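Proteins come first, then strands; the chains are lettered A, B, ... in the order of their sequence lines, and each starts at number 1. Computed from a predicted structure; not experimentally measured.
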There are 2 protein chains.
Amino acid sequence: MSNTQLLPLLEPADQAVEPCCPPLTERPFTAEEAETAARMFKALGDPVRLRLFSAVASHEGGEACVCDISDVGVSQPTVSHHLKKLKEAGLLTSERRGTWVYYRVEPSVLASMGKLLSIAPA
Amino acid sequence: MSNTQLLPLLEPADQAVEPCCPPLTERPFTAEEAETAARMFKALGDPVRLRLFSAVASHEGGEACVCDISDVGVSQPTVSHHLKKLKEAGLLTSERRGTWVYYRVEPSVLASMGKLLSIAPA
């Protein structure tokens, strides 16, 4: 009992996004599954949004605020607009700290999209 | 020497699509990488197109023609239009056989998109 350790929960069940869909190669998607998955793909279907997403995803500590992103060649309001869109699509989560809103990639969403694109077992 | 076997090449080098980009979490994408990757995500960012893609991807033998797809709730010309868009985005390849054009998922593209969404090693 003395060496019992509490491990940090990296992905508490109540925060994890439920996987929407089976691999694309497994069976034809239903209309509902296609709606959900297309929303995520569409959010990443814009070059500026994709650059911002990868800027946040690869930033130190896995999070970034608008103040950290300056080299994408669009104005700060445009950056904010796109980050909001990515949040609405469920790809980013956000938290306000003082003046700035910090964005973070939702790892379970990445995993869920990766699963969609995996080859279904034969 | 007597038990040497020739294994089939599942993905010959000359057919494989070159992976466009590192994982989204590895480093910020360049403008060029974002253009290439966004094109693929955008093609899957429409619910009808996504259903058609999964219908082709999950069809027997990994290929399908318009004649095999009837239950997505859109007309045959619309099906053809979307399949063409998916082909233009590099997600499907096609081959005409007699009256019909058969579409097939490009596995190296799926693998490349899956890699984009994988978590970069720390």
For each of [options], tally heavy-atom pairs with chain B at distances under 4.5 Å, and name the one with the top tally.
options                   : result
A:Ala34, A:Gly62, A:Ala38 : A:Ala38
A:Ala43, A:Ala31, A:Pro22 : A:Ala31
A:Arg49, A:Arg51, A:Arg27 : A:Arg51

Is the side chain of [X] donor-acceptor paired with the backbone N or O of [Y] at a distance under 3.5 Å, no angle test?
X        : Y        : value
A:Ser112 : A:Ser108 : no
B:Ser54  : A:Phe29  : yes
A:Arg97  : A:Trp100 : no

Highest number of heavy-atom pairs under 4.5 Å with chain A among B:Leu44, B:Thr36, B:Asp46 belongs to B:Leu44

Give a yes or no on whether B:Glu88 atom CD has more than 12 heavy-atom contacts from other residues, nucleotides or ligands under 6.0 Å away.
->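 For B:Glu88, atom CD is crowded (more than 12 foreign heavy atoms under 6.0 Å).
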
Please name the residue in the list A:Glu95, A:Glu63, A:Glu60 that meets the salt bridge (charged side-chain N to carboxylate O under 4.0 Å, His left out) test with A:Arg104.
-> A:Glu63

Side chain, backbone, both or neither: which part of B:Thr30 has a non-hydrogen atom closer than 4.5 Å to chain A?
->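 B:Thr30 touches chain A through backbone heavy atoms alone.
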
